[in-house]
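Computed from a prediction, not measured in an experiment: that's the story for all the values here. Labels below follow one simple rule: chain letters A, B, ... track the order of the sequence lines, proteins then strands, and each chain is numbered from 1.
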Amino acid sequence: MTKYREFKGLNLPEIDNEILAFWTDNQIFEKSISSRPEDKTFVFYEGPPSANGMPGIHHVMSRTVKDLFCRYQTMKGKRVERKGGWDTHGLPIELSVEKELGITKEDIGTKISVDEYNAKCRETVMRYKDLWDDITRKMGYWVDLNHPYITFENDYIESVWWLLSQLYNKKLLYKGYTIQPYSPAAGTGLSSHELNQPGCYRDVTDTTIVAQFKTIEDSLPDSLKGLGELFILAWTTTPWTLPSNTALTVGPNIDYSVIKTYNQYTFAPITVVLASALVEKQLGNKFTAVDEEAGLSAYQSGDKTIPYFVVTTCKGKDLTGIRYEQLLPYTLPYQNPENAFRVIEGSFVTTEDGTGVVHTAPTFGADDARVAKEAKPEVPPMLVLDEKGNPVPLVDLQGRFRPEMGDLAGKYVKNEYYNASDVPERSVDVEIAIRLKEENRAFKVEKYVHNYPHCWRTDKPVLYYPMDSWFIRASAAKERMAELNSSINWKPASTGEGRFGKWLENLQDWNLSRSRYWGIPLPIWRNAEATEEICIDSIAKLESEVAKANAALGLNQQVPKDLHRPYIDEVVLVSSNGEPMKRELDLIDVWFDSGSMPYAQWHYPFEAKDKIDNGLSFPADFIAEGVDQTRGWFYTLHAIATMVFDSVAYKNVVSNGLVLDKNGVKMSKRLGNVVDPFDTIRTHGADATRWYMIANAPPWDNLKFDLAGVEEVKRKTFGTLYNTYSFFALYANIDGFVYSEAEVPLNERPEIDRWIISLLNDLKARVDASYADYEPTTAARDIEEFIDAHLSNWYVRLCRRRFWKGEYSKDKLAAYQTLYTCLESIAAMMAPVAPFFSDWLFKNLNDVTQKSGVTSVHLFDFPAADATAIDNDLLERMDYAQRISSLILSLRKKENIRVRQPLSRILLPVLNPSFKDQVEAVRDLILAEVNIKQIEYITDTEGVIHKKAKPNFKTLGRKLGKDMKAAGDLIAALDQKQIADIERSGSYTLVIGDNNYDLVLEDFEITSEDIPGWTVASDKGITVALDVHISNELYLEGVARELVNRIQNIRKESDFEVTDRIVVSIESHELIQQTLASFQSYISNEVLADDIRLVASTGTEALEIVEGVSVGISVEVVG
RNA sequence: AGUCUCGUAGCUCAGUUGGUUAGAGCACUACACUGAUAAUGUAGGGGUCGGCGGUUCAAAUCCGCCCGAGACUACCA
């Protein structure tokens, strides 16, 4: 190929397709890995998505982040393997299967066999795999889709078993009976990190009851005897737990008041006990205190306010031991009912809420269970014996009351558990409230808004429920986890120190058990008495144990081909004394699956031992996921690595924020504000989408996704770069530039070339550092700025003539080489974020020149900055040139003189010689840019400059302190002579009150913003005056330029080739004649005219040349 | 309820260790420039830097309180 490709317009989606095909056909991804040395790895872990749901735009976000750092490291010469993966187990899959089959968990094993059910799960789990693979490819995410790890495969499971056995051997795995969050709708317990998924805690309005527990007179301390019926008040937000109440807990040192008043529902006189601190809150404005007991008698049933009288006070410990009548006597605990229904002590009781007395139901509260157990004698939980004689709570696993509950039996304890069509009007909570009101046992019933956890998958409220579960003793490794965490580079740092760090500080044990079917089975077998157990760490071990059992028990078992339930459940092992051992039926938390991926993806330790043991693939150099994974994947990776390997699992982690809609609202199907990633990429291209996401806000900030922003990126960054390339291609093709000539040495290139090269190298250094520091937003913004402000709008604009004017000279060659270098380097720098466009640009250049030696930008090395090419003086003077030009344009505007009209000179006050030298060096650029003939420098010796002194606050502030203000006024008032003195002597003594301050030149900022008699403009120390006098000669030159402009427009409208020679005919006019007399050759030269003829009429529409002069112009191509 | 983060132009965002006229882009208006042309330049409107108080010669920047948003924490009855 010898010509650069030219295009009709920028079409990003088309570029996507072209480059995608190129990558596939040439295996660029594979080469980008294999071409890097094996011993120079950059380890990346792919957090496995579940192919059970559709990919969303937020996945494009998180995968862009992953992809760009992997691509960057590849270009830095690292070998970056990216094994894809699929998260295949867990509740979401089971629930979607159940929904599809129209069954519930209870039906599994009856209506459908576990076998069939699991087969269905396996089938469902990859449902959207094709869509995922598709978006992965289309968004340009490079990950190995052909050899992914899949969590349901036996190899994966075997690795997980091995990890579990490591924990088991370290005594970090145990079985315990505890109150746990349980989701009746999902039919399983939940781990604390599942409860900590965003959105799980929600405000709900519940019926709350302050119940009256009637004390038994005999058990009262003497001081409280003889007060008649005495009730202890206790508050609950979960009235359905009241039937399971077996104790009341008070704080031993809390003050309690005994109050006589009336029940607001039955109007019956009552005496109640509650914390003194909460009397106000509980009685509120409905009640008024009276000073003496006699004041109570004035009350009439139904009165608006109810009087109350404080009879006496006591401490919590005085109440301990009091017995009370069971509030809702449906049934009694099956064990030691005589020890129930007493007041006990608990340190967790506060007086912030309620009554200072905690209703205690040990079956449904962790604190409750603890204090009940600690009390002496132990308070029994409300457990009854079920049909099989097993102790169970009054609520079953579906969240329904058991048969013992009489009128409430069979009802769900939360209305949310019903199907939408069956929801009863009154919830159990309300029914209980009504009943207590009628029985004079409700002191107060009200609605209360509080935060309550919900199941992350079913969206229904969680129940706290007593369960037998397997736990990982994560709390034992808490300090070590915190220690290792401090070595991890978190982006942003606050997530690591704050959110993750705090979480580690309060770490709870990890509830590993899931009572489900589709997941990795817990590899623990026990005998019936639970006196002996075995944890299987490999299939080989299982085989040998099976063989042992077969021999001992006379069985003919085999290790199942599929390690899932139900097959694995059928395996019976044998204990040391010949008893059969059965598998613990639980599955393990799917989060353990994903946290195991560093090892299980390679089937460690059964294969690829060196990947982990020699650090080839562990720990990760880099991982990235959404911030919602802090308590999820980030935690499980960290926990397993710490507990099994005493190592971090990752060294750098980027936690990206949420993707919101353009109004900052979370995207949800319900609101219909979801952005379809396929659509977005199809219409705007992957690169514009990726670039927008990265450049708009740092990844860890929430992104308000607005398609208008994607449009802007497309137009501004990619459009401008495309234009720049097109410009280059157009002229390089004409001149046959293919970079075959030797490099023009930098010091032989013109000022502006050295300037853009200087900026480019500065940019390379900054972009490289930003990527290395996981700051892609800074990198992208710096690149954008360079493309738009510097390369396109200064370098190319000022250099246009160099490309199309004159012979193929050394200057022209320098221009081509400079622009080529800029484009090639930009392509490389933007490649991590915009992999398609950058490769397209790179190939457009490189396919012609073959300069790089590689076929794709992704096989190229990241551009290294050449510090010697950075010339700070040059950068400064170009900055002067830009600012002076801008000031002149602004003056022209003010004076209404268009840029095509040449002017004779500008005046530039010079305050120091280096400024003059600097401007001199860029003089020609300025003059050409603003169409001025010359610059005159004026120094203060001529006396025309009016100077102003301002204090330099930074240096003076430290010296002067309080006198700063006065000094400011004094310095501003300095006259011309004083300023001149300061400049000459470099010192000044400032007198403020009694203080003399010796100031130096540095303490002043001396500027010249005025030249008396001239219109001036100034900007940060630079002042420019414009000579607006237009001589006849200048006027005619202006007309000449107008003519050039008109003729060029005609050329363009007529679609002439830029190289066509022409003959111009202009209708004769005196002004035109005068102009041609002086400028015919100039005009001819500019418009490539062989001849310019004056004619009587061109037969074309007259064009206005200057005000009042309109003539026809016609143009013909020669030859 | 507590903890953390954040409130800068209509929108998206910059704003160095505190330094005196708070910036850019988008959008809007006018004018200009253009052999890159869905680009660009100049000018204009648009801000009590969430509010109040404090520290300081000096606060968008540091501190406190309040308001608002978000995330996190919590078995709190």
Side-chain angles (χ1 to χ4, degrees), chain A residues 9-10 179-181 195-196 198 201 208 234-238 241 248-249 346 348-350 352-361 364-369 450-451 453 462 464 492 494-495 497-499 502-503 506 627-628 630-631 657-658 660 662 664 695-697 701-702 704 706 708-709 711-712 715-716 719-720 722-728 730-731 777 781 784-785 788-789 792-793 796-797 800-801 803-805 885-886 889-894 896 898-900 950-957 960-968 1044-1045 1048-1049 1051-1052 1056 1058 1086-1088:
Chain A
L10 174 63
I179 309 295
Q180 290 161 30
L195 226 46
N196 278 313
Y201 279 86
T208 67
W235 182 54
T236 181
T237 56
T238 51
T241 62
L248 293 172
T249 308
F348 65 94
V349 181
T350 68
E352 275 163 32
D353 261 322
T355 63
V357 181
V358 175
H359 143 62
T360 305
F364 301 116
D367 273 337
D368 306 37
H450 66 149
N451 226 245
V462 152
Y464 287 90
S494 59
T495 300
E497 286 155 24
R499 193 185 291 198
K502 292 251 165 71
W503 158 258
N506 306 311
V627 68
D628 52 344
T630 310
R631 273 61 188 276
L658 303 169
L660 310 169
K662 62 179 173 184
N696 190 61
D701 280 0
N702 288 347
K704 291 182 191 168
D706 187 355
E711 286 283 356
E712 190 182 326
R715 203 157 31 85
K716 221 174 143 55
T720 306
Y722 162 81
N723 275 337
T724 307
Y725 165 77
S726 301
F727 175 83
F728 168 83
L730 177 63
Y731 294 108
T777 305
R781 286 177 178 171
E784 266 175 8
E785 163 92 6
D788 188 39
S792 172
N793 282 308
V796 173
R797 194 154 56 85
R800 272 181 308 214
R801 285 180 77 87
F803 290 90
W804 55 263
K805 202 77 192 153
S885 301
S886 173
L889 292 173
S890 147
L891 283 170
R892 276 183 172 275
K893 162 76 188 154
K894 202 193 285 178
N896 255 322
R898 61 191 191 281
V899 180
R900 269 194 296 266
K950 278 205 288 192
N952 179 347
F953 287 93
K954 227 167 190 166
T955 62
L956 281 177
L960 305 187
K962 278 188 198 308
D963 287 329
M964 188 66 230
K965 224 167 214 152
V1044 168
N1045 169 259
Q1048 299 287 34
N1049 286 345
R1051 284 188 65 118
K1052 209 164 122 193
F1056 291 176
V1058 295
E1086 288 295 308
V1087 302
L1088 305 184

A.B. asks: Is Ile179(A) touching bases, backbone alone, or none of the nucleic acid, heavy atoms closer than 4.0 Å?
C.D. replies: nothing
A.B. asks: Shortest non-hydrogen contact from Ile179(A) to Phe364(A)?
C.D. replies: CG2-C, 4.0 Å
A.B. asks: Name the nucleic acid region contacted by Arg898(A), choosing base, sugar-phosphate or nothing; use a 4.0 angstrom heavy-atom cut-off, strictly under.
C.D. replies: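 Sugar-phosphate, no base atom in range.
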A.B. asks: Quick one: label Leu956(A) by what it contacts on the DNA or RNA (base, sugar-phosphate, nothing), any heavy atom closer than 4.0 Å.
C.D. replies: nothing
A.B. asks: Taking all non-hydrogen atoms of both residues into account, name the closest pair between Trp235(A) and Thr355(A) and its distance.
C.D. replies: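 Minimum heavy-atom contact is N-OG1, 3.9 Å.
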A.B. asks: Mind checking if Asn1045(A) touches a base, just sugar-phosphate, or nothing, with heavy atoms under 4.0 Å?
C.D. replies: sugar-phosphate
A.B. asks: Return the nearest nucleotide to the side chain of Met964(A); candidates are U40(B), G19(B), C13(B).
C.D. replies: G19(B)
A.B. asks: Between C76(B), U42(B), U40(B), which one does the side chain of Arg797(A) approach most closely?
C.D. replies: U40(B)
A.B. asks: Taking all non-hydrogen atoms of both residues into account, name the closest pair between Thr777(A) and Ala697(A) and its distance.
C.D. replies: OG1-O, 3.3 Å
A.B. asks: What is the nucleic acid contact for Thr724(A), judged by heavy atoms within less than 4.0 Å: base, sugar-phosphate only, or nothing?
C.D. replies: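 Base: the residue Thr724(A), judged by heavy atoms under 4.0 Å, touches a nucleobase.
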A.B. asks: Considering only atom P, compute the distance from G51(B) to U61(B) and round it to an integer number of Å.
C.D. replies: 10 Å
A.B. asks: Give the rounded distance in Å between these two atoms: CG of Asp368(A) and C1' of A77(B).
C.D. replies: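 Between C1' of A77(B) and CG of Asp368(A): 7 Å.
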A.B. asks: With sugar-phosphate meaning primed atoms plus P, OP1 and OP2, does Trp804(A) contact a base, only sugar-phosphate, or nothing at under 4.0 Å between heavy atoms?
C.D. replies: sugar-phosphate
A.B. asks: Kindly give the heavy-atom pair with the smallest separation between His359(A) and Leu248(A), and that separation in Å.
C.D. replies: CA-CD2, 4.0 Å
A.B. asks: Can you tell me which nucleotide in A77(B), C76(B), C31(B) comes closest to the side chain of Lys893(A)?
C.D. replies: C31(B)
A.B. asks: Would you say a side-chain N or O of Thr720(A) is under 4.0 Å from OP1 or OP2 of U40(B)?
C.D. replies: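 Answer no for this pair, as no side-chain N or O of Thr720(A) is under 4.0 Å from OP1 or OP2.
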A.B. asks: Would you compute the distance between atom CZ of Arg898(A) and atom CG of Asn1045(A) and round it to the nearest 0.5 angstrom?
C.D. replies: 10.0 Å
A.B. asks: What nucleotide among A77(B), A36(B), C13(B) has an atom nearest to a side-chain atom of Ser792(A)?
C.D. replies: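 Looking only at heavy atoms from C-beta outward on Ser792(A), the closest nucleotide is A36(B).
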A.B. asks: Got a salt bridge between Glu711(A) and Lys716(A), using NZ or NE/NH1/NH2 to carboxylate O under 4.0 Å?
C.D. replies: no
A.B. asks: Lys1052(A) NZ to A39(B) C1': how many Å, rounded?
C.D. replies: 11 Å
A.B. asks: Starting at atom CZ of Phe727(A), determine the distance to atom P of U40(B), rounded to an integer number of angstrom.
C.D. replies: 17 Å
A.B. asks: Would you mind classifying the nucleic acid contact of Arg800(A) as base, sugar-phosphate or nothing, using non-hydrogen atoms under 4.0 angstrom?
C.D. replies: base
A.B. asks: Rounded to whole Å, how long is the line connecting atom CZ of Phe364(A) with atom C1' of C75(B)?
C.D. replies: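 In whole Å, C75(B) C1' lies 13 Å from Phe364(A) CZ.
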A.B. asks: Once you round it to whole Å, what is the distance between C1' of G18(B) and NZ of Lys954(A)?
C.D. replies: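 Rounded to the whole Å, the gap is 9 Å.
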A.B. asks: In whole angstrom, give me the gap between the C1' atoms of G44(B) and U48(B).
C.D. replies: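 Approximately 22 Å lies between the C1' atom of G44(B) and that of U48(B).
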A.B. asks: Supply the atom-to-atom distance Leu730(A) CG to Tyr725(A) OH, rounded to the nearest 0.5 angstrom.
C.D. replies: 10.5 Å
A.B. asks: When the P atoms of C75(B) and U12(B) are considered, how many whole Å apart are they?
C.D. replies: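 Going atom to atom, P in each nucleotide, I get 36 Å.
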A.B. asks: Suppose you measure atom P in C49(B) against the same atom in G7(B); what distance do you get, rounded to whole Å?
C.D. replies: 14 Å
A.B. asks: Need one value for Tyr725(A): base, sugar-phosphate or nothing, where a base atom within 4.0 Å counts as base even if backbone is also close, heavy atoms only.
C.D. replies: nothing
A.B. asks: Mark yes or no for whether Arg715(A), through its side chain, and Thr720(A), through its backbone, hold a donor-acceptor pair below 3.5 Å.
C.D. replies: no
A.B. asks: Mark up nucleotides 3-12 of chain B, 5' to 3', with B wherever a protein heavy atom is under 4.0 angstrom from a base atom, S wherever such an atom reaches only the sugar-phosphate, and - elsewhere.
C.D. replies: S--------S
A.B. asks: Rounding to an integer number of Å, can you tell me how far Asn896(A) CG sits from U42(B) P?
C.D. replies: 17 Å
A.B. asks: If you take all heavy atoms of Gly356(A) and Val349(A), which pair is closest and at what distance?
C.D. replies: O-CG1, 3.3 Å
A.B. asks: Quantified in whole Å, what is the P atom distance between nucleotide C67(B) and nucleotide C52(B)?
C.D. replies: 15 Å
A.B. asks: Please tabulate the protein-to-nucleotide N/O contacts below 3.5 Å involving nucleotides 21-29 of chain B, giving atom names and distances.
C.D. replies:
unit_1, atom_1, unit_2, atom_2, d
G25(B), O2', Glu712(A), OE2, 2.7

A.B. asks: Could you pick out which residue, Asp701(A) or Asn723(A), lies toward the 5' side of RNA chain B when each is mapped onto its nearest nucleotide?
C.D. replies: Asp701(A)
A.B. asks: Between Thr238(A) and Ser890(A), just flag the one whose closest nucleotide in RNA chain B comes earlier from the 5' side.
C.D. replies: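 Its nucleotide being nearer the 5' end, the pick is Ser890(A).
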A.B. asks: For nucleotides G23(B) and U8(B), find the distance between their C1' atoms and express it as a whole number of Å.
C.D. replies: 10 Å
A.B. asks: For the P atoms, the ones on U42(B) and on G25(B), what distance do you get once it is rounded to whole angstrom?
C.D. replies: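 Taking atom P in both U42(B) and G25(B), they lie 9 Å apart.
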A.B. asks: Is there a donor-acceptor pair closer than 3.5 Å between any side-chain N or O of Arg797(A) and the backbone N or O of Ser792(A)?
C.D. replies: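 Not confirmed, Arg797(A) side chain does not pair with Ser792(A) backbone.
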A.B. asks: Working to the nearest 0.5 angstrom, can you tell me the gap between Thr724(A) OG1 and Asp788(A) CG?
C.D. replies: 9.0 Å
A.B. asks: Might you point out which heavy atoms bring Ala695(A) and Arg781(A) nearest each other, and give the distance in Å?
C.D. replies: O-NE, 2.9 Å
A.B. asks: For Val349(A), which contact category applies under a 4.0 Å heavy-atom criterion: base, sugar-phosphate, or nothing?
C.D. replies: base
A.B. asks: Find the distance Arg781(A):CZ to C13(B):P and express it as a whole number of Å.
C.D. replies: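 In whole Å, C13(B) P lies 8 Å from Arg781(A) CZ.
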A.B. asks: Between U42(B), C76(B), A77(B), which nucleotide gets closest to the side-chain atoms of Ser886(A)?
C.D. replies: U42(B)
A.B. asks: Applying a 4.0 Å non-hydrogen cut-off, can you work out what Thr237(A) is touching in the nucleic acid: base, sugar-phosphate, or nothing?
C.D. replies: sugar-phosphate
A.B. asks: Thr249(A) and Thr360(A): side-chain donor and acceptor closer than 3.5 Å?
C.D. replies: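 Yes, side-chain donor-acceptor contact under 3.5 Å.
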A.B. asks: Runs of at least three consecutive Watson-Crick or G-U pairs, both distances under 3.5 Å, are what I'm after; which ones involve RNA chain B?
C.D. replies: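 Detected stem regions: B:1-7 with B:67-73, B:10-13 with B:23-26, B:28-32 with B:40-44, B:50-54 with B:62-66.
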A.B. asks: Out of curiosity, Tyr731(A) OH to Trp804(A) CH2, how far, rounded to the nearest 0.5 Å?
C.D. replies: 7.5 Å
A.B. asks: For G70(B) versus A43(B), give the span between their C1' atoms, rounded off to a whole number of Å.
C.D. replies: 40 Å
A.B. asks: Between CD of Glu1086(A) and CZ of Arg801(A), what distance do you get to the nearest 0.5 Å?
C.D. replies: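 Going from the CD atom of Glu1086(A) to the CZ atom of Arg801(A) covers 4.0 Å.
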